[in-house]
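Naming convention: chains lettered A, B, ... in sequence-line order (proteins, then strands); numbering from 1 in each chain. What you are looking at is a predicted structure, and each value in this text was computed from that prediction instead of being measured.
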Amino acid sequence: MNISAPTSLALNVKNLSKSYQRPAVDNLNLKINAGEFYALLGPNGAGKTTTLKMVAGLLKADKGSISIFGHDTTSDPIGAKSITAWVPDEPMIYDRLTPLEYLEFVAGLWNIPANKAKHGAEELLSILDLEANAYERCERFSKGMRQKVALAGALIHDPKLIILDEPLTGLDAGSARLVKDVLLKRVSEGCTVILTTHILEVAERMAQRIGVISDGRLICEGTLEELRSERSDGNTQASLEEIFLDVVEKAKDGNVSNREAA
Amino acid sequence: MSILSVSKPNTIGWFLNHELRLSWRDLYAMMSGNRPGRGKNIAIAISVAIFLLHLLAYSALGPILVEGIKLDLQTYIMISGFLLLPVSLMASQAMESITRAFYTRSDLELILSAPAPVHKIFALRISAIALSTTLLTLCICAPAINVLALFNGAQWLWAYPVIICFGFLATSFGVFLTMALFKVLGPRNTRVISQIVAAFVGASFVIGIQLVAIASIGSISRISFLKSEYLMSIAPNMDHWIWIPAKASSGDMASVAIFIGITALIFGSMLALYAGQFGETVLKASSGDFTREGNSKRKVKFKSKSAASVLRQKEWKVLLRDKWLFSQTLMQLFYLVPPAYMLWQGFGSGQSPVYVVIAVVVMAAGQLAGGLAWLAISGEDAPELVATAPVSNKQVTRAKVEAVLIAVGVVVLPLVLLMAYMSVKTALIAIVMIAISSASATLIQLWFRTQASRSHFRKRQTSSKIATIAEAFSSILWAGTASLFALGTYLAIIPAVLTVVILYSVWWVSPARQKSIDTKKHLMTTQISTVK
């Protein structure tokens, strides 16, 4: 195990790079505090999902390092994974398992004691309004139900860091509200949440800090107030949408450099 | 210019063009492994295959052609035997296509909501199933027909329409049977039952003829049975209607006309009966509430288990609940029935040819392991969940391989026990060779793993032709090794060495080796940059 000194940093990303045909993530630096709700925004193809997949250990970085609560994801992947949960935009569940069987499987993978897993599974299914479907196979579930099952799977091992990629896309208002409430409750209990979303209202209302990424580089970061105050036009009431479109446009024009480099 | 612009929109011709375009793109994607720009390579490969198949057909038919073909009862028996073999396979394929069409929503809502004649569209769609069902059999039979036509006379070309007729008859039978099952059992049960029936229908002729051959002449060989005195003695005389397809294939015009007429009548009646109901049936099946079917009454018991145990149990649960897997693997399992029967028969005499049985079992185990390994390794439904779990890749892979090998073991265990009852030594050889054959097929799937949906199980061969061919050769050669080993000859070393060479070559060109080289390079680069 490679654990550094106790830290209040949930995630520390240093000089992270990943290229396919072109750089997807370019020398990215990112620090997220423990217990923080962080929204990572960016236009399509900006490198958000690639970044989060590297954090979750799904992709190998070409360069740079990632540390989750002091666990280096390269030298101590198991330690990092055991306290992290990943929820992708397309829910990854088994069509032929029931939600309860799915949770039993996930709990087994994370080595959760049976009693705790059983109690946790029942509680999560109840919170996420899936109790009535606990014994039905997931094959005929709607996107919203599948997303809730995947979220239950992510929460059953009480992760310290939850990473969600577009968790609210395609959900009805009720399901979206439920997911948001669950996430906010976890944050209030000390869990760290990082999510990407194209629904800027969600980031505006829920996130304590917001980062905007474009062409694999972090181009702006801060609380909503900080982002507003950084605007050149002095509009302190600007919406996140206005701020986002403005910084992305500037980044395209080359007026914004990598935040860390700057 | 688009192919659709040739016909007037919303007409049958226009819809036919649409169906043909979709079928062609499906076929091309299957042949090219979904990689564009391979048209030239595919054309070359097909040409080479056609040439080799004709060569093979000539070498098989050569002695018969030299002797000259006399159209007697023996010849009609042989022709009928060879024609009926693909018919059962075509009927099975048609049933599977129709069942699949029932339970896949696809473009159904678009078609039904369009102002188009629905019964005509579905008549066309059923015809397309019949054509695609016939095409493969036609390709397989074409070399033999061409060789006969070239060296014995053009009258043999009439075998082409005969096979097409059989394709349409087999499809009619498939539609009748599936629709009947649907009406009797309802949408919930038809899904599974029709696949089991399809698998049984597909294997029925081969298994049936093998069982009769074992019972009557004591041999598993179909050819020996078709040539046997026993069959000659019970076959109807040459004027019987049963020989119409055989007579039509050899150019008897009256038989050709009768056979085409009967086919048109049966296929036409089937379309008239079912084309109008097809859309409604599909809608009923695809939108049905199957939640009760999916309910697991068993209470889920949370137990503290190792990650490996959890992974193994998940694999078994998912495999057992995979409905489409039934039809894919059941046919392989049905083929184990004749050797099992042969073993059973051998009990009395004590002279069962176990070397035949051991070969069949080893080959079936290899093929089964390959399919199950693909499902467990490449067909993982939640790869990112497993990848983000605090379990090493090695542990995950090991658990999945164990799940596959244990599942294969459970399937072949009854046959091994039968063998052990006759000869412990043979059973031990069988156990070792089953393990080797299964492990080889699993290894190939590991080396060529590509993430895919479980629903693509049928098309898994297209992702890597090398893996598919290697898997087949590995199973066949290990079966040969087992058979020779059981006979007690040192010649067993030859196929064994050949298989090891093939496996090594396959590993050499596999993506897994390349990935391991890339990882090593990446690690070295990282270490060098850290030192700097």
Item to check | Among the listed options B/Q395, B/Q313, B/E384, the residue most often paired with chain A at heavy-atom distances under 4.5 Å | outcome: B/E384
Which atom names give the shortest non-hydrogen contact between [X] and [Y], and what distance separates them?
X      : Y      : result
B/A389 : A/K81  : O-CD, 3.2 Å
B/V318 : A/L97  : CG2-CD2, 4.1 Å
A/I93  : B/A382 : N-CB, 4.4 Å
B/D381 : A/Y94  : CB-CD2, 3.5 Å

Checklist entry - Is B/L311 close to A/F105 at the side-chain level, that is, under 4.5 Å between some pair of heavy atoms? => result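 Of all side-chain heavy-atom pairs linking B/L311 with A/F105, at least one is under 4.5 Å.
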Next on the checklist: With rounding to the nearest 0.5 angstrom, report the OG1 to NZ distance, B/T388 to A/K53.
Outcome noted: 11.0 Å
Checklist entry - So how far is it from A/L109 CG to B/L385 CG, rounded to the nearest 0.5 Å? => result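 A/L109 CG to B/L385 CG: 6.0 Å, rounded to 0.5 Å.
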Measuring heavy-atom distances to chain B, does [X] have an atom under 4.5 Å in its side chain, in its backbone, in both, or in neither?
X      : result
A/F141 : neither
A/V106 : side chain
A/L100 : both
A/K116 : neither

Item to check | Salt bridge present between A/E104 and B/K314 (N-O < 4.0 angstrom) | outcome: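 Here A/E104 does not pair with B/K314 in a salt bridge, since their nearest N and O are not under 4.0 Å apart.
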